[in-house]
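Below is one structure, written out as structure tokens, with a few remarks after it.
Reminder, nothing fancy here: chain letters follow the sequence lines and each chain counts from 1. This one's a predicted model, so the numbers in the text were calculated from it and none came from an experiment.
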There are 2 protein chains.
Amino acid sequence: MARVSIKDIAREVGVSTAAVSLVLNGKDENGRIGKEMSEKIRQKAKEMHYEPNNLARGLRIGRSNTIGLILADISNLFFANLAFHIQEQAEKQGYSVIITNTNESDLKMEKMINVLNSRQVDGFIIVPTEHGDRYIADLLKRRMPVVLIDRFFPHLRASSVAVDNYNAARKAIEKMIRQGCRNIGMLVYQTELQHMQDRKRGYIDVMKEHHMFNPALVKEIGYSFLTNDVPIAIEHLLLKENRMEGIFFATNTLSMIGIKQLMNMGLRIPEDMKVICFDKSDAFDFTEASIPYIQQPVPEMGKVAVELLVEQIKQKQESCQFIELQTRMMNIAEKSIIF
Amino acid sequence: MARVSIKDIAREVGVSTAAVSLVLNGKDENGRIGKEMSEKIRQKAKEMHYEPNNLARGLRIGRSNTIGLILADISNLFFANLAFHIQEQAEKQGYSVIITNTNESDLKMEKMINVLNSRQVDGFIIVPTEHGDRYIADLLKRRMPVVLIDRFFPHLRASSVAVDNYNAARKAIEKMIRQGCRNIGMLVYQTELQHMQDRKRGYIDVMKEHHMFNPALVKEIGYSFLTNDVPIAIEHLLLKENRMEGIFFATNTLSMIGIKQLMNMGLRIPEDMKVICFDKSDAFDFTEASIPYIQQPVPEMGKVAVELLVEQIKQKQESCQFIELQTRMMNIAEKSIIF
DNA sequence: CTGAAAGCGCTTACAG
DNA sequence: CTGAAAGCGCTTACAG
């Protein structure tokens, strides 16, 4: 134990703690300390394996150099990747990241905000849950730096990083139509969150423009009942409606279970059923069928979110930027990009 | 901004900060403060939305109630799940978790230890990288609480949580042999890390016992060249050796790419080739072939690791426990357990 | 019994 | 110019 402090170094070298602090922080402008003395201090610090106490530093300067990250579910590969890139970027800028989970519960989100707040994080990057807007509003009111990522609330003046969900969905459906599909179903989460609504709206608009829209083709799935409800929804689509030709999955979890179900029912993709998914799943690598999917620029999303947040932290000025990134339509054939 | 401090509450209520601290920490034994006053303090604290400053608290009491988690790769689902369960358990015990990545680099591991140290974490849970033993030894020498997870170093007196890799591998090979395989290949990471060596040893021992061992059947793959080397290794196995009947994959990343390659080559599983994998991949859900795999008890691993660590932190006494958990052989048919 | 004061490890404004 | 001292927000040992 017995961690070395600035005081220990000061005693050893025979100077004040102030001198040590100045030198070690490179704040020794105009060579106030003297070349040889500052060298001696640096030397001794290394020799004693000095590591600054960030708690003390944070307390004193009022910043912790820590970012609080609140995810909806770290064991979802999409979010795990996001976490990875956020961390890499944060580290580059000298910030540590504390990652927490909400499991899509807004109560848990409130709790996590409190936990992170009491850890004095300098700012938040949040994948908000449904009905989580009031907690975000709280943070904004208290002038805490916040960046929402993946999801956002249109009525809040919060910086956000997301993709163009509406047009991504549009393009997916248009592609299916070009391939000759007329009866196209959609599986989407049952949520008021805007990003999901946008994906749905993209689907609906295109379907309407082609006079093919039918509300029964949109299946909304509750987050907690995925394993049960996705297969049921698929069966409904296939039984009730006249010959389904394509299904659009609004998330990777939906597509994972949904495609499995299609296979179980003996349908071949794309011969018997065309599909397009939002986000990739590892599982896609395993099908001989090539499954087209909408790729989100995860590394860039993470990078931009950190940049936006750090900007807010440093400038201490309010700034609300909504960054919308573009998606790409991918095929497993191009998968070399993924690994 | 303007965070509320204990001082603010003290001023409002008209008592000393000490009184506020005692009450809010429930340390008011023998009712030193007086029932009605302590109620008033609690009231005011809630009213002012007081959140304790953990930085200050940590500085004072010498503990941060933070655990440092060092993973090899958070974007690997196995580790992401591990992180998830470690976090859930840590939270239950009042600890926050700072997650960092090494990407299998021991230099990065050293850096992350320093970063976490300067954040005054109370202890470490580490998935160590190859050649990372000296940094672990450093931590032990400095009496820092440490628990290794998934991987371990037999020559270090560090607490560890891992599975019985040797016997898990043995059982896998024995099962393949019972199914009639004679020529069984193995894909394994090229590393000196004990857990991987144990998996290899399990394979080798069983093969020798059945007089079927041939060094050419073991393919060691470098971590950085997976995408290239796994397909090559598979081709080698299939071309050079006489009729391969089974392949044992030592990790999920190896199996992901390996099985894909088998499929690309037009082989059916299990008719043309039997496989068994260490760990599951989402991808397994997608094959009609049922792919048997060795399931590690990830939730329990995370839980036990946190318990072991917290014990070390609280008792301040050295304790070195090696916890070895048992694996289960699973089939996708039983996958309901996974979701 | 209880209030005032010291001190955790830092940084920086300020007196000399 | 530079050294000594204050103070960040807490907790707790200690004087009265």
Q.
Show, in sequence, the C-alpha distance, side-chain angles and deciding distance for Thr191(A) and Tyr223(A), and conclude whether the side chain to side chain contact (heavy atoms under 4.5 Å, CB included) test is met.
A. CA-CA 9 Å; Thr191(A) 172; Tyr223(A) 172 74; over 6 Å; no
Q: Using a 4.0 Å heavy-atom cut-off, write out nucleotides 8-16 of chain C from 5' to 3' as B (base contacted by protein), S (sugar-phosphate only) or - (no contact).
A: BBBBB----
Q) Would you say the side chains of Ser118(A) and Asn54(B) form a donor-acceptor pair under 3.5 Å? A) yes
Q: Applying side chain to side chain contact (heavy atoms under 4.5 Å, CB included) between Lys44(A) and each of Lys40(A), Lys46(A), Met48(A), report the one that passes.
A: Met48(A)
**Q.** With Ile99(A), the side chain to side chain contact (heavy atoms under 4.5 Å, CB included) member among Ile67(A), Ile70(A), Ile74(A), Ile86(A)
**A.** Ile74(A)
Q: Assess whether side chain to side chain contact (heavy atoms under 4.5 Å, CB included) is satisfied between Ile313(A) and Tyr95(A), documenting all intermediate values.
A: CA-CA 11 Å; Ile313(A) 292 171; Tyr95(A) 288 83; 3.7 Å; yes
Q. Heavy-atom count around Lys108(A) NZ within 6.0 Å, excluding the residue itself: above 12?
A. yes
Q: Starting at CD1 of Ile98(B), measure out to CZ of Arg119(B) and round the result to the nearest 0.5 Å.
A: 6.0 Å
Q: For dC14(D) versus dG9(C), give the span between their C1' atoms, rounded off to a whole number of Å.
A: 23 Å
Q: List the steps and the verdict of side chain to side chain contact (heavy atoms under 4.5 Å, CB included) for Glu12(B) and Glu47(B).
A: CA-CA 11 Å; Glu12(B) 288 283 317; Glu47(B) 188 184 315; 6.0 Å; no
**Q.** Identified stems (criterion: three or more consecutive Watson-Crick or G-U pairs, under 3.5 Å), DNA chain C
**A.** C:1-3 with D:14-16, C:5-12 with D:5-12, C:14-16 with D:1-3
Q. dT2(C) P sits how many Å from Met37(B) CE, rounded?
A. 11 Å
